[in-house]
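Below, all heavy atoms of this structure are taken into account, side chains as well, without hydrogens, waters or symmetry copies. In the text below, chain A, chain B and the rest are named by the order of the sequence lines, each starting its count at 1.
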Amino acid sequence: MAVAAGAGQRFGKNRRLLTGRGFRFVFKRPWQSRGDGLRFYARPNDGDCDRLGIAVSRKVDAKAAGRNRIKRQVREFFRRHSEGEGNIGDRCVDLVVVAQKPCAAMDNAAIRDELRQHWRRLIRRHPRRSALPGVHSAT
RNA sequence: CGAGCCGGCCGGGCAGCCGCUGGCGGACCAUGAUCCGCCGGAGGAAAGUCCGGGCUCCCCAGGGCAAGGGCGCCGGGUAACGCCCGGGCGGCGCAAGCCGACGGAAAGUGCCACAGAAAACAUACCGCCGGACCCCGGUCCGGUAAGGGUGAAAAGGUGCGGUAAGAGCGCACCGCGUUUGCGGCAACGCAAACGGCACGGCAAACCCCGUCCGGAGCAAGACCGAAUAGAAAUCCCAUGGCGCGGCCCGCGCCGGAUUCGGGUAGGUCGCAAGAGGCGCCCGGCAACGUGCGUCCCAGAUGAAUGGCUGUCCACGACAGAACCCGGCUUACAGGCCGGCUCGUUUU
RNA sequence: UGGGGUGUAGCCAAGUGGUCCAAGGCACCGGGUUUUGAUCCCGGCAUUCCCAGGUUCGAAUCCUGGCACCCCAG
């Protein structure tokens, strides 16, 4: 069974969007949130956990190391805040995070700040059953 | 101690917690994009894609020729190279050292603006010298190329002799060329004799000579599954089946190959043990090679190394594998080791 | 990952197999014409020809290396 406390901390392949089909599903009818450096596209799924896809193109940052940095920040935030397994009663979402050009100039703290803003909008629209102590205590 | 040169190396460390990914082992009333344990998990440039290979498919299947392109002192190393090592020559530096697209201009074609008499078959503006004429300054004829002037570059340089003035005209030295001898595998060097101006520069101008090169690329390519359109063109019919004419045989269809168009974007393999790393012996000035021992060292496929906390310090640069090797080039905080040169001080 | 292309003034751009001045147009600025404006005429743009080396007497042009931007394939 799922370990209730640590369920949201994992980030296996079941928590990611792995195929082009998964991305297309989200982009078809997305809920959106736009900011300076990032955009969120989300859509409720039929699964039992949230899933994440990230898009950082070469136009954002031509250096591979720079793109990896952005993706790591997004992944780490999602790992610590999203809904894990055992939430059959909830409406979980597929989320795609797209990085925009200014993101390359932001430091890690700034990226996390923006992620928090988008995430707060997301949970207002798609409420969780479980509380989100991480978000409230972090801010 | 200061200034500098060369070679080699490192690229935050430790501890804890939460994660990611591959392999192996295990768990299950949920056999999966799951969970648990152990072990492995980015670079010196992984980069730019500038060269050289391996490996695949296509073409040719034997090689040659042509086109186009690369390379270019000599010798060696290497699977190969445009790389590396050693040497020669030239240049820079007091030196340690560093740098060099460094074959050919009497095979040919072409270019050298402006200036200048003349820019390559040489030639004569101002001059200098001799002669003639007019008469006190020039004109004409001839000789000459030292000096002036022009230019990026002016037809060997310097000195002495020589001369009407001059000139390789003669001589000495330097330079250049030819021949011979000697040293060296060679590039080349040294020496002697001879030649005298006969060979201006540019081949990163066309080119000549020598030498090397077929094309594409792992999203190559192979297989499984799904899906669309037994649709189009060309060829084959050796084997097999069916139909038609009585058989040989022929034709048509099924079938096979290639191409074009359309559809699909799921999985498996390729996919990591290699021209491999390290250590030692031997050969070699060295690059490197032979042998022995030892190690297994990333394999993802929306794509893995991160986050947080503590602590130490010089407060962390450039930057992320995507088929794999050998090089080159470019980016880079800081630091370590070894050798050498010059200067200064002290003994 | 692989392949290809382009960098010349604020913008669009031409440019030679090397030699005074790097065409031209738009825009902008100054002046003239006009009662004023448009048109028209004259003049101007003080451009490291993307950057760094090299060849050459001389390079936007030739050679080498680099940077930036754009496009294409699956």
Value rounded to 0.5 Å, distance of [atom1] in [X] from [atom2] in [Y]:
X      : Y      : atom1 : atom2 : result
A/R125 : A/S33  : CZ    : OG    : 11.5 Å
A/R75  : A/R16  : CZ    : CZ    : 7.5 Å
A/Y41  : A/H118 : OH    : NE2   : 10.5 Å
A/D113 : A/D107 : CG    : CG    : 8.5 Å
A/H81  : A/E76  : NE2   : CD    : 9.5 Å
A/K71  : A/I54  : NZ    : CD1   : 7.0 Å

Just name whichever nucleotide pairs with [N], Watson-Crick or G-U, keeping both distances under 3.5 Å, else none.
N      : value
B/G168 : none
B/A79  : none
B/C282 : B/G289
B/C318 : B/G43
B/C206 : B/G108
C/C69  : C/G5
B/C24  : B/G37
B/U345 : none

With syn defined as a glycosidic angle within 90° of 0 and anti as everything else, classify [N].
N      : answer
B/G44  : syn
B/G168 : syn
B/A42  : syn
B/C297 : syn
B/G116 : anti

For atom [atom1] of [X] and atom [atom2] of [N], their distance in whole Å:
X      : N      : atom1 : atom2 : answer
A/R112 : B/C308 : CZ    : P     : 5 Å
A/E76  : B/C308 : CD    : P     : 8 Å
A/R69  : B/A304 : CZ    : C1'   : 19 Å
A/F78  : B/G302 : CZ    : C1'   : 14 Å
A/K71  : B/C20  : NZ    : C1'   : 13 Å
A/I70  : B/G307 : CD1   : P     : 14 Å
A/F11  : B/G302 : CZ    : C1'   : 10 Å
A/R80  : B/C17  : CZ    : P     : 15 Å

Which part of the nucleic acid, if any, lies within contact of A/R51, taking any heavy atom under 4.0 Å across all strands shown: a base, the sugar-phosphate backbone alone, or nothing? nothing

Once you apply a heavy-atom cut-off of 4.0 Å, does A/R67 come out as touching a base, just sugar-phosphate, or nothing? nothing

Taking only the [atom1] atom of each, what is the distance from [N] to [M] in whole angstrom?
N      : M      : atom1 : value
B/U264 : B/G19  : P     : 41 Å
B/U347 : B/U341 : P     : 24 Å
B/C296 : B/G41  : P     : 12 Å
B/G326 : B/C84  : P     : 16 Å
B/C209 : B/G104 : C1'   : 7 Å
B/G8   : B/C288 : P     : 11 Å
B/G339 : B/A317 : P     : 33 Å
B/C235 : B/C223 : C1'   : 28 Å

Using side-chain heavy atoms (C-beta onward) and a distance below 4.5 Å, is A/L52 in contact with A/V74? yes

Side-chain touch A/R39/A/Q100, heavy atoms, less than 4.5 angstrom: yes

Can you list the residues that meet the side-chain hydrogen bond (donor to acceptor under 3.5 Å, both in side chains) rule with A/R69, with sequence neighbours excluded? A/N108

Counting primed atoms, P, OP1 and OP2 as sugar-phosphate and everything else as base, the B/S/- map of nucleotides 69-74 of chain C against protein heavy atoms under 4.0 Å is ------

Residues at least two apart in sequence or cross-chain that pass salt bridge (Lys or Arg N to Asp or Glu O under 4.0 Å) with A/R51, listed by chain then number, are A/D94

With sequence neighbours left out, the residues meeting salt bridge (Lys or Arg N to Asp or Glu O under 4.0 Å) with A/D36 are none

Taking it one step at a time, do A/L115 and A/F40 satisfy side-chain contact (heavy atoms from CB on, under 4.5 Å)? CA-CA 9 Å; A/L115 281 164; A/F40 272 37; 3.8 Å; yes

NZ or CZ of A/R116 within 45° of A/F77 ring axis and under 6.0 Å: no

For side-chain contact (heavy atoms from CB on, under 4.5 Å), just list the numbers for A/R112 and A/Q73, CA-CA rounded to whole Å, side-chain angles, deciding distance to a tenth of an Å, and then say yes or no. CA-CA 7 Å; A/R112 278 198 296 274; A/Q73 291 300 320; 3.1 Å; yes

Please write out each protein N/O paired with an N/O of nucleotides 299-301 of chain B under 3.5 Å, distance rounded to 0.1 Å.
{"unit_1": "B/U301", "atom_1": "OP1", "unit_2": "A/K13", "atom_2": "NZ", "d": "2.7"}

I'd like to know if A/R79 reaches the base of B/C18 with its side chain, counting only an N/O donor and acceptor under 3.5 Å. yes

For the student: nearest non-hydrogen atoms of A/A42 and A/L122, plus distance: CB-CD1, 3.7 Å

Anything under 3.5 Å between a protein N or O and an N or O of nucleotides 315-322 of chain B, put it in a table, one pair a line.
{"unit_1": "B/A319", "atom_1": "OP1", "unit_2": "A/K63", "atom_2": "NZ", "d": "2.5"}
{"unit_1": "B/A319", "atom_1": "O5'", "unit_2": "A/K63", "atom_2": "NZ", "d": "3.4"}
{"unit_1": "B/G320", "atom_1": "OP2", "unit_2": "A/A64", "atom_2": "N", "d": "3.1"}
{"unit_1": "B/G320", "atom_1": "OP2", "unit_2": "A/A65", "atom_2": "N", "d": "3.1"}
{"unit_1": "B/G320", "atom_1": "N7", "unit_2": "A/N68", "atom_2": "ND2", "d": "2.9"}
{"unit_1": "B/G320", "atom_1": "N7", "unit_2": "A/R72", "atom_2": "NH2", "d": "3.3"}
{"unit_1": "B/G320", "atom_1": "O6", "unit_2": "A/R72", "atom_2": "NH1", "d": "2.8"}
{"unit_1": "B/G320", "atom_1": "O6", "unit_2": "A/R72", "atom_2": "NH2", "d": "2.8"}

